[in-house]
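Order of the sequence lines fixes the chain letters, A, B, ..., with proteins taken first and strands second; residue numbering starts at 1 for each chain. Only this structure's heavy atoms are used, side chains among them; waters, hydrogens and symmetry mates stay out.
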Number of protein chains: 2
Amino acid sequence: MDKKSKSLSKNQKIVLDFIQKNKKPVKAYSILSNVQKKGINAPPQVYRALDKLIKIGKIHRVESQNSFVACKISNCGTPHKTVFSICNSCEIVSEINDPKLFKNLKDFRDKDGTVFDGYNLEFFGTCKSCKNKQIENTKH
Amino acid sequence: MDKKSKSLSKNQKIVLDFIQKNKKPVKAYSILSNVQKKGINAPPQVYRALDKLIKIGKIHRVESQNSFVACKISNCGTPHKTVFSICNSCEIVSEINDPKLFKNLKDFRDKDGTVFDGYNLEFFGTCKSCKNKQIENTKH
DNA sequence: TAAAAATTTGTTATATTATAACACTATACT
DNA sequence: AGTATAGTGTTATAATATAACAAATTTTTA
């Protein structure tokens with residue numbers, strides 16, 4: 001079907017599997033401690049798998065958190081073109097899929113007319129659920 | 001004049017001064033080793049100054065590089081509303097000041113209608129000077 | 001299909017980035 | 001003057017990431 005998808009190696013599968021099971025982004029050393037029972041012993045094994053998974057677009061790095069999250073955009077396959085919203089309170093991260101915004105970013109040129117290969121955009125705010133909790137805590 | 005500007009402390013001035021002298025973003029430990037002669041001895045002193053300078057918008061953190069750069073937008077005073085272009089080759093970083101893009105980002109709402117407090121956008125590409133060098137190296 | 005090339009693995013050690021905790025000092029506020 | 005707030009200096013350590021090397025595996029291609 002998908003010509004691009006060379007099958008992943010053992011460690012890459014293990015790491016991807018763990019990341020995909022998590023709703024929130026996960027940290028490298030959290031991945032490590034959670035997959036040690038599967039035979040991954042040391043940081044380089046995790047970081048190598050992460051590098052590869054990022055390169056093929058299966059996961060993204062959340063720069064402001066040093067954490068990693070599965071790509072939610074069906075087989076986007078594009079690393080380094082990412083938009084996230086991040087809750088300052090619970091730190092949950094959602095990948096944003098907004099065609100109009102994508103177009104704005106894709107079409108952006110700087111003053112020199114430079115065309116960019118990629119971008120990373122992180123929005124910060126308070127998610128709905130956390131906002132509701134804050135309101136709850138106010139009335140007492 | 002500017003009611004907001006409480007004067008900076010000694011360490012904050014030293015750190016800001018060093019960052020402003022550099023065209024490229026600087027790393028925390030590079031700051032440290034460069035200001036030791038001025039009496040800053042340990043990482044926490046640097047990181048505290050960085051935190052404060054970020055909070056008041058004098059500098060910004062370049063998330064993908066773990067580095068710090070002076071704000072180029074005259075007294076923008078707004079932390080966490082940043083747009084950078086980053087050269088993949090020489091790693092030079094320019095702060096982008098594009099009103100139309102700012103408006104797009106400011107006005108952006110996610111599906112839930114969440115309003116965001118801030119954002120960080122990093123564009124990646126090859127700067128003009130590096131592109132020219134690459135062309136130079138091709139013809140031989 | 002055998003040899004060469006490229007990728008992945010496992011491992012140890014170490015580099016880099018960042019914060020916790022504590023006692024103390026300076027500055028601003030009323 | 002007294003208290004609150006912010007900043008300092010210090011030691012120790014936590015958290016994140018990579019270098020380097022030998023071996024095994026998979027992919028390519030001749």
Task: Face-to-face stacking of B:Tyr47 with C:dT19, centres under 5.5 angstrom, angle under 30° - done: no
Task: Stacking check A:Tyr29 vs D:dT16 (5.5 Å / 30 deg) - done: yes
For [N], does OP1 or OP2 lie under 4.0 Å from any side-chain N or O of [X]?
X: A:Lys52; N: C:dT7; result: no
X: A:Lys10; N: C:dT7; result: no
X: B:Gln45; N: D:dT10; result: no
X: B:Asn66; N: C:dT16; result: no
X: B:Ser9; N: D:dT8; result: yes

TODO: Identify whether the distance between the nearest side-chain nitrogen and carboxylate oxygen of B:Asp107 and B:Lys103 falls below 4.0 Å.
DONE: yes
Task: NZ/NE/NH1/NH2 to OD/OE distance under 4.0 Å, A:Asp51 and A:Lys55 - done: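 A:Lys55 and A:Asp51: not salt-bridged.
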Whole Å only: how far is the [atom1] atom of [X] from the [atom2] atom of [N]?
X: B:Ile40; N: D:dG9; atom1: CD1; atom2: C1'; value: 11 Å
X: A:Asp51; N: C:dT9; atom1: CG; atom2: P; value: 12 Å
X: A:Ile31; N: D:dA15; atom1: CD1; atom2: P; value: 16 Å
X: A:Leu32; N: D:dT18; atom1: CG; atom2: P; value: 15 Å
X: B:Leu50; N: C:dA18; atom1: CG; atom2: P; value: 9 Å

Task: B:Arg48 or B:Arg61, whichever maps to the more 5' nucleotide of DNA chain C - done: B:Arg61
